[in-house]
Asker: 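This structure is in structure tokens; I'll ask about it shortly.
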Amino acid sequence: AAQVVVMGPDDVIVSVMSSLNKPFGSGILTPSGILLNSQILDFSWPNKTEGTTPNPHNRLQPGKRPLSFLMPTVVRPAVGLCGTYVATGSSNGEKALSGITQVLLNVLSSRKNMSDSLAYGRLHPQLEPNTLLVDSEFLDEDIKFLQSKGHKVERKELLSLVESTRRNNDVIIGVKDPRSADALALNI
Amino acid sequence: LVADKEPSPETTLGSAYSPVDYMSITSFPKLPEDDVLPGENAMKSRKEDDNVLSEQDTDPDLFLKSARLQRLPSSASDLATHEDGTFRETTTDPFTQECACQRDGLTVIITACLTFATGVTIALIVQIYCGDPQVFNQGAVVTDVAQCTSLGFGVLEKQGSSVDAAIAAALCLGIVHPHTSGIGGGGVMLVHEIRKNDTRVIDFRETAPSVITEDMLQTTLDAKPGLLVGVPGMLSGLNQAHQLYGRLPWKDVITMVADVARNGFNVTHELAQALADAKNQNMSKAFEDLFLPNGQAPLSGVFSRRMDLAIILDAVAVKGISEFYSGNLTQEIVAAVQEKGGVLTEEDLNKYSTVLRKPAEINYQGHHVMAPPAPHAGIALLTALNILEGYNITNQLSRQSTFHWIAESVKIALAMASEIGDPMFDTSVSEIVAKMLSKPHASQFRQMIDDSQTFSADHYTQTFTLEKGAG
């Protein structure tokens, strides 16, 4: 998925996630150059994959939108206008859920700055098979701690890319995920 | 204190000695001697403190004369004409209101100053609220691609709105990162207005074509990739966002994006990797001609242009999104899909509409967290936060101690997410959503988490298969 996060001088916060589903979508290219999506793959249907249980609420129907893990997220103070605002988004399907959760915990609960919050190693609990994935930034001692709780830990190079902006009163900062070589955050 | 409550002649005289107010004394009625007596002590005290008033000033008539003489020292030539006989006792103010300003320059000056200050203050307030900003406030733009971040930033510098910037950057990503998004796809936008405290979710995800059935998908989809294509929503959604929040003209925003395609960009690391992966797959000849010239994936840093997309975007800038949803492009898209075994029709594109939703939201440790509602998994994020809130995670806790809680909470949230779908087609989804957003329900899940060991997701709740790469 592609991510855009903007906090502008007009006091409006925007987070956009867009997608073609698979890389290059369906691979179908129209004569004028439009690549078409493969979003039907996000629906569930019987016999789609062997040994799976399709989600009955996500069955294919004309005009219907499928379940998606596009999760542009905005945080504002619960009371009043003063305090911390966060806008964030993440790529890579269901791994966006664990990515955003951990970044928000780092910022809102652990009171870490945004750069550190994005840089820390991340984990992702995979349902099938029941494995705990961790990324390359995750510390070995933390893996041992998790293994002591019975987690089957598997290390992956990259789990998700999270881009974020944060506003504290009148100070706004945008931060890109340090795992991305191409992303850029620009601040006024 | 007595003088404050009931002004006696003496106190009035005392205050009248003020140069500002002496005029009122000139018309002061003659004071009976008897009236002075109750304030005799105060009078004495006043006399002691006052170096100007003499003994004879206790007589109001004499005071009036001396006061006038004291206040007109520069009018010495006129004094000659002001003999004692010219002073008469009056019952009305001889100085009418109309000519008061001529008599007291200080009053005029003070009035003018106050008027001027009031005017300036009002003008400043009006300028702050209605005028152009004199100081360019802070802002930030973040995207997956440096060039698209710069484009979004440029839109802000041209006084575009945050949504204008987001529209330009999102379309730019479709040009520079065609493996992740594009006008042939869809997405979700969340917009929060701080001052109005108003939030909208603009859902422009693709929809299933009108004649597609599950039976059609019981085939080898690699042979019929056209069946995978949903009705694209990207341009419709961004146009809707622009209508709601845009500040620059649509044409200007889209033309700036078209310029990126026209003027070119460098292939990013990510695109180079995606193209290298695509090279090993069975892609169409048109795809290979465009993205894999000479059968080779371009390296990162190679300069590239997309004149084809520039032409499309120029047309959309001028004619609007009807060019895509009910114009020549529509027929072309339908033909390309049907050629690959798909069932997309022109009517599907004609009828596509963006959905405006309110966000799913919870309070988390004094913060209000907002995410897209079903069929998006934003509510799963809120479920995870609801569960984790009960652990009272603070910066006093080591990060390591939270990992197990995070792993189990996200696992539960994922399992719950595997149940949701489009609530517009299945009303029972609303019940699942209500359960996912419930704090008491989160508390029950938290009690099921064992701090010393992990469980699989079905220990907590039923699970369905999550489609690989969803979104």
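Every chain is numbered from 1 and lettered A, B, ... according to where its sequence line falls, protein lines coming before strand lines.
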Asker: Check the angle between the aromatic planes of Phe403(B) and Phe138(A) and answer parallel, tilted or perpendicular using the 30° and 60° thresholds.
Answerer: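 Phe403(B) and Phe138(A): tilted rings.
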Asker: Report the relative orientation of the aromatic rings in His179(B) and Phe24(A); use parallel for angles under 30°, tilted for 30 to 60°, perpendicular for over 60°.
Answerer: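 If you compare the ring of His179(B) with that of Phe24(A), the planes turn out tilted.
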Asker: Looking at residues at least two apart in the chain, or sitting in another chain, which of them share a side chain to side chain donor-acceptor pair (under 3.5 Å) with Glu128(A)?
Answerer: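 Side chain to side chain donor-acceptor pair (under 3.5 Å) check on Glu128(A) returns nothing, list empty.
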Asker: Taking atom types as modelled, is there a side-chain donor on Asp10(A) or Ser162(B) under 3.5 Å from an acceptor on the other?
Answerer: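 Per modelled atom types, Asp10(A) and Ser162(B) side chains form a pair under 3.5 Å.
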Asker: Tyr391(B) and Ser109(A): side-chain donor and acceptor closer than 3.5 Å?
Answerer: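 Their side chains do not contain a donor-acceptor pair, so the 3.5 Å distance test is not met.
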Asker: Heavy-atom cut-off 4.5 Å, strictly under: side chain, backbone, both or neither for Ala278(B) against chain A?
Answerer: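 The side chain, not the backbone.
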Asker: Under 4.5 Å heavy-atom distance to chain A, tell me which part of Ala166(B) shows up: side chain, backbone, both or neither.
Answerer: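 Contact with chain A involves both backbone and side-chain atoms of Ala166(B).
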Asker: Checking heavy atoms, do the side chain of Phe455(B), its backbone, both or neither come under 4.5 Å from chain A?
Answerer: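 When you check distances to chain A, only backbone atoms of Phe455(B) fall under 4.5 Å.
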Asker: At a heavy-atom distance under 4.5 Å, which candidate from Lys152(A), Arg65(A), Met7(A) has the highest pair count against chain B?
Answerer: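 Looking at each of Lys152(A), Arg65(A), Met7(A) in turn, Arg65(A) comes out on top.
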Asker: Tell me, for Asp170(A) versus chain B, whether the close heavy atoms (under 4.5 Å) come from the side chain, the backbone, both or neither.
Answerer: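 Looking at Asp170(A), just its backbone touches chain B.
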Asker: If we ignore angles and hydrogens, is there a donor and acceptor under 3.5 Å between the side chains of Glu163(A) and Thr143(B)?
Answerer: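 Short answer, no.
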Asker: Partners of Asp177(A) by salt bridge (charged side-chain N to carboxylate O under 4.0 Å, His left out), sequence neighbours excluded?
Answerer: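 Salt bridge (charged side-chain N to carboxylate O under 4.0 Å, His left out) list for Asp177(A), sorted by chain: Arg122(A), Arg179(A).
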